[in-house]
Structures are given as structure tokens and as C-alpha cells.
Peer 1: 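Sharing a structure with you now.
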Amino acid sequence: MNHGKFIISLDFELMWGVRDTKTIAGYGSNIAAVHKVIPGLLSLFEEFDIHATFATVGLLFFDNKEDLLQSLPQRIPNYLRQNLSPYNGYVQSIGDNEDADDYHYAGKLIRLIQQYKNHEIGSHTFSHYYCLEKGQTIDDFRADLEAAKKTAAKSGITITSLVFPRNQFNDAYLEVCRQMGIFCYRGNETSWMYSAVNSETEKRSRRAGRLVDTYLNISGHHCYSDEQMAKQTPMDIPASRFLRPYSPRLNFADGLRLKRITTSMTHAAKNNLTYHLWWHPHNFGNHRDENIDFLRKILKRYRVLNSHFNFQSMTMSGLARKLSNVGV
């Protein structure tokens with residue numbers, strides 16, 4: 001029987017997604033709090049029988065700096081904007097291990113996630129690689145993805161799903177993904193405000209549009225049919241909605257924010273479509289109680305839709321395998 005699917009993916013990157021000392025000073029508490037956020041999320045997911053994809057930066061797998069440095073790829077990207085690279089002195093400056101530096105190591109958290117069999121650990125590339133930035137090449141990307149898969153394999157993990165950092169989806173790189181055994185990825189919503197761009201071409205108007213779209217449906221439900229997702233390899237399991245974190249300044253509109261999500265979830269469940277919610281664990285770093293409470297409301301709606309319409313929670317790779325097996 002056909003049914004709608006509910007996908008949750010989390011971009012697990014800690015400090016590798018920002019890499020700048022000013023960010024540690026201003027946002028470091030959010031990053032460090034991920035070590036508390038993820039256990040809380042795992043508990044909540046267990047309560048509601050949620051299957052989530054943790055798209056994890058490869059550099060997070062290590063327990064110490066020595067092993068990390070020995071595992072760097074042979075080729076590294078030569079970004080025009082050098083501050084995007086972790087290899088120009090930054091990686092050498094991190095602490096020796098997780099006890100000394102909880103901004104850059106997450107081996108303990110990865111092992112914790114592995115204990116919950118519902119979930120998948122996917123890739124967010126090895127180095128939080130930017131696929132649309134000037135200076136990097138397809139061969140650099142291949143080397144990065146090879147390092148990500150090799151690192152995960154040492155932990156007994158086979159990487160089969162990918163989330164492109166900063167949603168910089170690059171169609172030209174999909175053949176590399178296929179060769180590397182990646183059979184699904186998270187694409188972007190079909191709208192001008194969500195199309196993949198690099199840091200130079202990101203516009204304030206796009207950001208403003210996405211903010212409004214968080215509360216009011218101006219771009220559509222972004223729900224996807226099996227046929228739409230299965231028409232290519234690797235499969236594109238596009239995003240539906242970024243779960244914007246709680247804001248004291250905007251909390252008066254949280255009812256609209258919740259309705260925006262649950263209405264589209266209901267549309268997916270009733271029409272046998274897929275709804276894909278995503279965020280970063282560090283988005284919950286501040287106001288953890290408020291963010292968890294908001295997510296709980298979403299999951300309560302999922303439980304109702306599961307009961308009434310057989311709306312099912314799946315990982316990205318789980319969905320891709322299902323669609324491949326049924327030959328949609």
C-alpha cells in the first residue's frame with residue numbers, strides 16, 4: 001500500500017561548518033551545547049519512533065588530533081576565499097581531543113547515535129566541503145568524499161546518503177557520488193529563494209524570502225512523489241522545510257511557524273507524498289527547552305498522521321532503498 005513518508009535529516013557539523021574564532025566567541029555556546037542536544041533528540045526520536053539521518057562531517061569522527069591529521073585527504077580544495085578551508089592552519093590549531101576541545105570532536109556522540117538502530121549516519125562530506133565555491137574542483141570533491149567514506153568505515157559505517165554543506169548542490173558532482181556508493185542526497189526546494197548558490201551570489205532578498213516563508217506559505221508545500229524522487233540515481237530526496245530555531249523576538253509567531261510545517265506534513269500524508277524536515281543540532285543549542293518543545297508538537301502531529309494515514313518515518317537511505325526495490 002502506498003503511503004506518505006516523513007524524513008528528518010540533521011546537518012551534524014559542530015564548528016567545522018563555520019571555522020572562525022569570532023564565531024566561537026559569539027556562538028560557541030550553541031556549538032558546545034550539541035553534546036547535550038543530541039542525547040535529548042535521540043530520546044525524543046525514540047519516544048515517537050522516528051528514523052532520522054544524521055549527515056555528519058567526517059572530521060567529527062576522530063577521538064584525537066593525531067588520528068585526524070593522519071586521515072586528511074591527499075588533495076585539498078584551493079578555495080578562492082581561503083577562510084572557507086579547514087586546511088590552511090585551522091585544523092592544526094584545534095585541541096588534542098574531545099576533552100580539550102568539544103567544538104571539533106564528536107566520536108562519543110557518533111557512537112551514541114549508532115546505539116539507536118532506527119537512525120542512519122550519512123555524510124556531510126569530510127571537511128564541510130563547498131561544492132559551488134570558486135577554486136575547488138571535482139577531483140578535490142572526489143578526494144574529500146573518499147576520505148569521508150574511509151573514515152566512517154573505520155567506525156563500521158557504510159555511507160550511502162549525502163547532504164551538501166550550505167545546500168551547495170552541484171549537479172556535475174552527482175556521478176562522483178554514484179561511483180562512491182552514494183545513492184541518495186538532499187536536494188533543494190524548487191523555488192528561486194532556495195536554489196543552490198555560492199557565498200558570493202547569496203542575496204539579502206533570498207534570505208528575507210526564506211524568513212517570510214517560514215511563517216507563511218509563499219513558496220508551496222514542497223512535498224514530493226515517489227516517481228519524482230526515483231527518476232534519477234543518486235536519488236534526490238529534496239528538502240521541504242528548514243526547522244528554524246526558537247527566537248524570543250519572533251515567538252509571537254510560533255503558531256504560524258508550527259502551522260506552516262504541520263499543514264504541509266498533512267498535505268504529504270493525505271496525498272502519499274514525502275515531507276523532508278531538516279536542521280542543525282546546534283540550532284537547538286540556545287533555548288533548548290523551547291526548541292525541544294516545538295519539535296515535540298511536530299512529532300505529535302506526525303503520530304496522528306501515522307495513525308490516520310500510515311504516514312511513515314524513514315531515513316533518507318531507507319526511503320531510497322524502498323523506492324529502488326519497488327522499481328518506481
Peer 1: Ignoring hydrogens, what is the shortest heavy-atom contact between D144 and F126? Give both atom names and the distance.
Peer 2: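 Reported closest heavy-atom pair: OD1-N, 2.8 Å.
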Peer 1: Please round to the nearest 0.5 Å and tell me the distance separating atom CG of L295 and atom CG of L258.
Peer 2: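 Here the rounded value is 10.5 Å.
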Peer 1: Are F294 and L44 in one and the same hydrophobic cluster, where Ile, Leu, Val, Met, Phe, Trp and Tyr link if side-chain heavy atoms are under 4.5 Å apart?
Peer 2: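 Same cluster: F294 reaches L44 through Ile, Leu, Val, Met, Phe, Trp or Tyr contacts under 4.5 Å.
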Peer 1: Is there a path from L41 to I298 through hydrophobic residues (I, L, V, M, F, W, Y) whose side chains come within less than 4.5 Å of each other?
Peer 2: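 Yes; tracing contacts between hydrophobic side chains, which count when under 4.5 Å, links both residues.
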Peer 1: For F169 and Y185, I'd like to know if the aromatic rings sit close, meaning centre-to-centre distance below 6.0 Å.
Peer 2: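 Between Y185 and F169, which both carry aromatic rings, the centre distance is below 6.0 Å.
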Peer 1: Do L80 and I138 belong to the same hydrophobic cluster, where Ile, Leu, Val, Met, Phe, Trp and Tyr are linked whenever their side-chain heavy atoms lie under 4.5 Å apart, directly or via other members?
Peer 2: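 No, no single cluster joins them.
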Peer 1: Run the ring-centre check on Y302 versus F48 and record whether the distance is less than 6.0 Å.
Peer 2: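 Ring centres of F48 and Y302 not closer than 6.0 Å.
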Peer 1: According to side-chain contact (heavy atoms from CB on, under 4.5 Å), who are the partners of E46, at least two apart in sequence or on a separate chain?
Peer 2: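 Residues passing side-chain contact (heavy atoms from CB on, under 4.5 Å) with E46: Y116.
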Peer 1: Would D139 and R142 satisfy salt bridge (Lys or Arg N to Asp or Glu O under 4.0 Å), going step by step from the backbone distance to the final call?
Peer 2: CA-CA 5 Å; D139 289 329; R142 181 179 289 106; 2.7 Å; yes
Peer 1: Taking side-chain hydrogen bond (donor to acceptor under 3.5 Å, both in side chains) as the definition, give me every residue that meets it alongside D96, ordered by chain and number, with sequence neighbours left out.
Peer 2: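 Not a single residue meets the side-chain hydrogen bond (donor to acceptor under 3.5 Å, both in side chains) criterion with D96.
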Peer 1: Between H128 and Y130, is the gap from one ring center to the other below 6.0 Å?
Peer 2: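 H128 vs Y130: aromatic centres under 6.0 Å.
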Peer 1: With a cut-off of 6.0 Å (strictly less than), are more than 12 heavy atoms of other residues, nucleotides or ligands near CD of Q74?
Peer 2: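 Count not over threshold, so no.
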Peer 1: Is the shortest heavy-atom distance from the side chain of V176 to the side chain of N170 under 4.5 Å?
Peer 2: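 They are not in contact (no side-chain heavy atoms under 4.5 Å apart), so the answer is no.
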Peer 1: Carefully, step by step, assess R178 and T233 under the rule side-chain hydrogen bond (donor to acceptor under 3.5 Å, both in side chains).
Peer 2: CA-CA 7 Å; R178 188 190 66 78; T233 303; over 6 Å; no
Peer 1: Give every donor-acceptor pair under 3.5 Å between a side-chain atom in residues 53-61 and any protein atom, sequence neighbours left out.
Peer 2:
from : atom 1 : to   : atom 2 : distance (Å)
T53  : OG1    : E120 : OE1    : 2.7
T53  : OG1    : M316 : N      : 2.9
T56  : OG1    : F54  : O      : 2.9

Peer 1: Are the charged groups of K5 and D226 less than 4.0 angstrom apart, N to O?
Peer 2: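 Salt bridge: yes.
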Peer 1: In terms of the angle between their ring planes, are H282 and H280 parallel, tilted or perpendicular, with boundaries placed at 30° and 60°?
Peer 2: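 Parallel, since the angle between the ring planes stays under 30°.
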Peer 1: Apply side-chain hydrogen bond (donor to acceptor under 3.5 Å, both in side chains) to T160 and list each qualifying residue two or more places apart in sequence or on a separate chain.
Peer 2: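 With neighbours one apart ignored, the set is S317.
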Peer 1: Can you find a pair of side-chain heavy atoms, one from H3 and one from F309, that are under 4.5 Å apart?
Peer 2: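 Not in contact.
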Peer 1: Begin from the C-alpha positions of D236 and M229 and carry the test side-chain contact (heavy atoms from CB on, under 4.5 Å) through to its verdict.
Peer 2: CA-CA 5 Å; D236 180 6; M229 292 182 290; over 6 Å; no
Peer 1: Might you point out which heavy atoms bring I159 and I121 nearest each other, and give the distance in Å?
Peer 2: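 Where I159 meets I121 most closely, the heavy atoms are CD1-O, 3.5 Å.
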Peer 1: Is any side-chain heavy atom of R186 less than 4.5 Å from a side-chain heavy atom of D11?
Peer 2: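 Yes; the side chains approach each other to less than 4.5 Å.
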Peer 1: I'd like to know if D293 and R296 make a salt bridge, using a cut-off of under 4.0 Å between side-chain N and carboxylate O.
Peer 2: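 No, no charged N to carboxylate O under 4.0 Å.
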Peer 1: Quick check for you: to the nearest 0.5 Å, what is the distance between S313 atom OG and L305 atom CG?
Peer 2: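 Those atoms lie 12.0 Å apart.
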Peer 1: Which pair of non-hydrogen atoms, one from L216 and one from R260, has the smallest distance, and what is that distance?
Peer 2: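 So the minimum-distance heavy-atom pair works out to O-NE, 3.6 Å.
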Peer 1: State, yes or no, whether a side-chain contact exists between K65 and L69 at a heavy-atom distance under 4.5 Å.
Peer 2: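 SC-SC contact between K65 and L69 confirmed.
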Peer 1: Should the ring pair H221 and H267 be called parallel, tilted or perpendicular, given that the plane angle runs from 0 to 90° and is split at 30 and 60?
Peer 2: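 Parallel: the ring planes of H221 and H267 meet at under 30°.
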Peer 1: Can you name the residues that form a side-chain hydrogen bond (donor to acceptor under 3.5 Å, both in side chains) with N88, not counting sequence neighbours?
Peer 2: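 Here the qualifying residues are Q82.
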Peer 1: May I have the step-by-step check of side-chain hydrogen bond (donor to acceptor under 3.5 Å, both in side chains) for N286 and N30, ending in yes or no?
Peer 2: CA-CA 6 Å; N286 278 345; N30 289 65; 2.9 Å; yes
Peer 1: Under 6.0 Å between ring centres, would you say that holds for W16 and Y90?
Peer 2: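 W16 vs Y90: aromatic centres under 6.0 Å.
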Peer 1: Test of understanding: with side-chain contact (heavy atoms from CB on, under 4.5 Å), list the residues that count as partners of S191, not counting sequence neighbours.
Peer 2: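 With sequence neighbours excluded, S191 shows a side-chain contact (heavy atoms from CB on, under 4.5 Å) to M193, Y194, S219, H222, given in chain and number order.
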Peer 1: Not counting sequence neighbours, which residues clear side-chain contact (heavy atoms from CB on, under 4.5 Å) with D63? List them please.
Peer 2: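 By the side-chain contact (heavy atoms from CB on, under 4.5 Å) rule, D63 matches R111.
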Peer 1: Considering residues at least two apart in sequence or located in another chain, which fulfil the salt bridge (Lys or Arg N to Asp or Glu O under 4.0 Å) criterion with R166?
Peer 2: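 Testing R166 for salt bridge (Lys or Arg N to Asp or Glu O under 4.0 Å), a comparison that skips the adjacent residues, returns none.
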Peer 1: Looking at M15, is its backbone amide N or carbonyl O close enough to the side chain of Y103 to form a donor-acceptor pair, meaning the two atoms are under 3.5 Å apart?
Peer 2: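 Such a contact is absent between Y103 side chain and M15 backbone.
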Peer 1: Between atom CD of E133 and atom CG of N78, what is the distance when rounded to the nearest 0.5 Å?
Peer 2: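 So the gap between those two atoms works out to 12.5 Å.
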Peer 1: Checking side-chain contact (heavy atoms from CB on, under 4.5 Å) for the pair R301/V304: CA distance, chi angles, key distance, verdict?
Peer 2: CA-CA 5 Å; R301 183 58 182 169; V304 171; 3.7 Å; yes
Peer 1: Look up atom NE2 in H119 and atom CD1 in I113, then write down how far apart they are to the nearest 0.5 Å.
Peer 2: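 So the gap between those two atoms works out to 8.0 Å.
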Peer 1: If every non-hydrogen atom of Q136 is compared with every non-hydrogen atom of C131, which pair is closest and at what distance?
Peer 2: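 Where Q136 meets C131 most closely, the heavy atoms are NE2-O, 3.0 Å.
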Peer 1: Rounded to the nearest 0.5 Å, how far apart are CD1 of I182 and CG of L174?
Peer 2: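 It comes to 11.0 Å.
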Peer 1: Answer with yes or no whether the hydrophobic clustering places Y79 together with I76; edges join I, L, V, M, F, W, Y residues whose side-chain heavy atoms lie under 4.5 Å apart.
Peer 2: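 Yes; tracing contacts between hydrophobic side chains, which count when under 4.5 Å, links both residues.
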Peer 1: Under 4.0 Å between a side-chain nitrogen and a carboxylate oxygen: does that hold for E189 and R241?
Peer 2: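 No, this pair does not count.
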Peer 1: Could you tell me whether K108 and D102 have a side-chain N and a carboxylate O separated by less than 4.0 Å?
Peer 2: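 The answer is no: the pair does not qualify as a salt bridge.
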Peer 1: Can you name the nearest heavy-atom pair linking S264 to C223, along with the distance?
Peer 2: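 That would be O-SG, 3.5 Å.
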Peer 1: With sequence neighbours left out, write down each residue that passes salt bridge (Lys or Arg N to Asp or Glu O under 4.0 Å) with K36, or none if nothing qualifies.
Peer 2: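 Residues passing salt bridge (Lys or Arg N to Asp or Glu O under 4.0 Å) with K36: none at all.
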Peer 1: Taking all atoms of both residues into account, what is the closest heavy-atom pair of A143 and P73, and its distance?
Peer 2: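 Nearest pair, atom of A143 first, then P73: O-CB, 3.8 Å.
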Peer 1: State yes or no: do Y246 and V37 share one hydrophobic cluster built from I, L, V, M, F, W and Y residues joined by side-chain heavy-atom distances below 4.5 Å, directly or via other members?
Peer 2: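 In one cluster: no.
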Peer 1: What pairs with S247 under side-chain contact (heavy atoms from CB on, under 4.5 Å), at least two apart in sequence or on another chain?
Peer 2: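 Partners of S247 by the side-chain contact (heavy atoms from CB on, under 4.5 Å) criterion, ordered by chain and then number, come out as R249, L250.
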Peer 1: State whether the side chain of S43 and the backbone N or O of P39 hold a donor-acceptor pair below 3.5 Å, judged by distance alone.
Peer 2: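 Flag not set: sc S43 to bb P39 has no pair under 3.5 Å.
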Peer 1: Calculate, to the nearest 0.5 Å, the distance between atoms CG and OH belonging to D101 and Y105 respectively.
Peer 2: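 Going from the CG atom of D101 to the OH atom of Y105 covers 6.0 Å.
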Peer 1: Less than 4.0 angstrom from a charged side-chain N to a carboxylate O is my criterion; do R257 and D254 meet it?
Peer 2: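 Salt bridge present between R257 and D254.
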Peer 1: In a table with atom names and distances, give each donor-acceptor pair under 3.5 Å that connects a side chain of residues 272-279 to protein atoms at least two apart or in another chain.
Peer 2:
from : atom 1 : to   : atom 2 : distance (Å)
H276 : ND1    : I237 : O      : 3.0
H276 : ND1    : P238 : O      : 3.1
H276 : NE2    : S9   : OG     : 2.7

Peer 1: Suppose we screen for salt bridge (Lys or Arg N to Asp or Glu O under 4.0 Å). Which residues come up paired with R75, at least two apart in sequence or across chains?
Peer 2: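 So R75 forms a salt bridge (Lys or Arg N to Asp or Glu O under 4.0 Å) with D140.
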Peer 1: For R204, look at atom CZ and say whether over 12 heavy atoms of other residues, nucleotides or ligands are found less than 6.0 Å away.
Peer 2: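 Open: at most 12 neighbouring heavy atoms sit under 6.0 Å from CZ of R204.
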